[in-house]
Amino acid sequence: MADPKGFMTTPRQEWPRRPIEERVRDWDEVYVPGRLLPIISKQADRCMDCGVPFCHQACPLGNLIPEWNDLVSREDWRAASDRLHATNNFPEFTGRLCPAPCEAGCVLAINQPAVTIKNVECAIADRAWEEGFTPPRPPDRLTGRTVAVIGSGPTGLAAAQQLTRVGHTVAVYEKDDRLGGLMRYGIPAFKMEKHHLERRLEQMLAEGTKFRTSTVVGRDVGAAELRSRYDAVVIATGVTAWRELDVPGRELAGVHQAMEYLPLANRVCEGDIAVSPLCAAGRHVVIVGGGDTGADCLGTAVREGAATVTQLDIYAQPGTERDEDTEPWPTYPKIYRLSAAHEEAEVLHSAPAADVDARMFAASTLRFTGDGDGQVRELHLVEVDAERRPLPGTERALPADLVLLALGFSGPDRRDGLIDQLGLDLAPRGTLARGAGFVTNVPGVFAAGDAARGQSLIVWAIAEGRAVAAAVDHYLTGSSRLPSPIGPHDRPMAV
């Protein structure tokens, strides 16, 4: 503990964001470049080095948070990088994309603003790359065992890196033309610029991981054939079967899934196309769904120049403080949070009909109506109570010529044939069934990440990748020294 009184003398200060009028004109990350390092050592001083650090338990990776906070406060960046990377393969991803359940579990958060753990993590990761603290770590020798990893999201990449580093020959199969899964085409660049992903992929290539892009397992290569060619297979395809909204007018043109919209915007940033076919410029946009994907659509539509953009959330507006009766510390509370996208929409008055920022809370979609050409023109909604029951007399309509459905995912997509060709069992909720060692009902085939856990956070995805790597290593060699931070049935802390 570098400063025993740091939490009393230093207020919480977060990485400042760029001016709104500036950042909505580009796709760069929303934060002010170079403004994190000057403040982060004092912020790390606020860590109390608790005897029982609940931030460890709140993070499924088991990040050694008090240790690297102390090292950052002393500006020992190399040692801090070593401690950070000991539990997390991709801290620059989580430092930008994770909602930081560790901060909800910070002991200081009982009665004060939590330590800025996420910002400290990001600062360490970025400094590590700048100083060359993260060189490739190829294995000293090869084991002669081969592993196929299907999916290149955070789970698949973490599993592949861990298995490569212990000497197995690993090939990652990705259905898209570029690697990264949702980090590539689902997460907008203003939340994480893609060069962070590219340099990790370059590191993995240098370590010996092989990549096969534009390859759909089950269609371009048979799943059974792939299983016969490798000693083990890890399925980390994520959940790509999106939830539908079964209301009248769903068939109208202009009603799209969020994951049809976001990849096209990302492809514009990649230089693949000049303008997205679903570009929101000049259109009245309504986003159905109050989660992070909806906020990503919001920030994207604002940057594309939407005439208006409104986000509907079926839940009531949460309070600004945690409810100690229903969501006591150290659980992750559902409270009102203002993301960068919501901040932008609020200041720019992008949603004149919204309750607050760009959101309409306790709002349920009834139907869509269109014009004579079959193009959506209005979304009809109704206010609902806590049980999602419509409140009489509250029906209204919003102008909408582009509607984006951001309702989450129900499980892995079966259309490619992977699940049926291998004969994999499914859990009742549609995810891949697996046993205690991440094993499926097919010998040598393992399931990890959202495909088996269900839709979750990036920090859980990486933890799953590290844990399944340990299970595969044990299957192939009879033992493993790889860390296994979670089990297949572990869940976040809850009441």
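Side chains included, hydrogens not; waters and symmetry mates left out as well; all remaining heavy atoms used.
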Can a donor-acceptor pair be found between the side chains of [X] and [Y] at a distance below 3.5 Å?
X	Y	answer
N88	E121	yes
D473	H168	yes
D3	S73	no

Could you list the donor-acceptor pairs under 3.5 angstrom formed by side chains in residues 213-225, with sequence neighbours left out?
| residue | atom | partner | partner atom | Å |
| --- | --- | --- | --- | --- |
| T215 | OG1 | T213 | O | 2.9 |
| D220 | OD2 | V216 | N | 2.8 |
| E225 | OE2 | R229 | NH1 | 3.3 |

Could you tell me whether [X] and [Y] have a side-chain N and a carboxylate O separated by less than 4.0 Å?
X	Y	result
R184	E198	yes
R18	D26	yes
D76	R74	no
E29	R96	yes
D28	R23	no
R434	E464	yes
D420	R414	yes

ring-ring contact (aromatic ring centres under 6.0 Å, His included) against [X], all qualifying residues, sequence neighbours excluded:
X	value
Y261	none
F438	none
W329	F54

**OP:** Report the C-alpha separation of D176 and R178 in whole Å, then their side-chain angles, then the decisive distance to 0.1 Å, and conclude whether the salt bridge (Lys or Arg N to Asp or Glu O under 4.0 Å) test is met.
**Re:** CA-CA 5 Å; D176 286 324; R178 292 184 179 90; over 6 Å; no
Show me, pair by pair, the donor-acceptor contacts under 3.5 angstrom made by side chains of residues 30-40, not counting sequence neighbours?
none

Subject >> Heavy-atom closest pair, residues G238 and D450 >> reply: CA-CB, 4.0 Å
**OP:** Decide side-chain contact (heavy atoms from CB on, under 4.5 Å) for R453 and H489; before the verdict, give the C-alpha distance in whole Å, the side-chain angles of both, and the deciding distance to 0.1 Å.
**Re:** CA-CA 8 Å; R453 173 172 293 275; H489 305 301; over 6 Å; no
Original post:
Is the NZ or CZ atom of K334 positioned over Y315's six-membered ring, under 6.0 angstrom from the centre and within 45° of the axis?
Top reply: yes
**OP:** Answer yes or no for R267 and Y185: cation-pi contact, defined as NZ/CZ to six-membered ring centre under 6.0 Å and angle to ring axis within 45°.
**Re:** yes
**OP:** Could you name each residue pair satisfying side-chain hydrogen bond (donor to acceptor under 3.5 Å, both in side chains) that touches residues 144-161, not counting sequence neighbours?
**Re:** N89-Q161, T146-D231, S152-E174, Q161-Q203, Q161-E207
Original post:
Are Y475 and F446 an aromatic pair by the rule of ring centers under 6.0 Å?
Top reply: yes
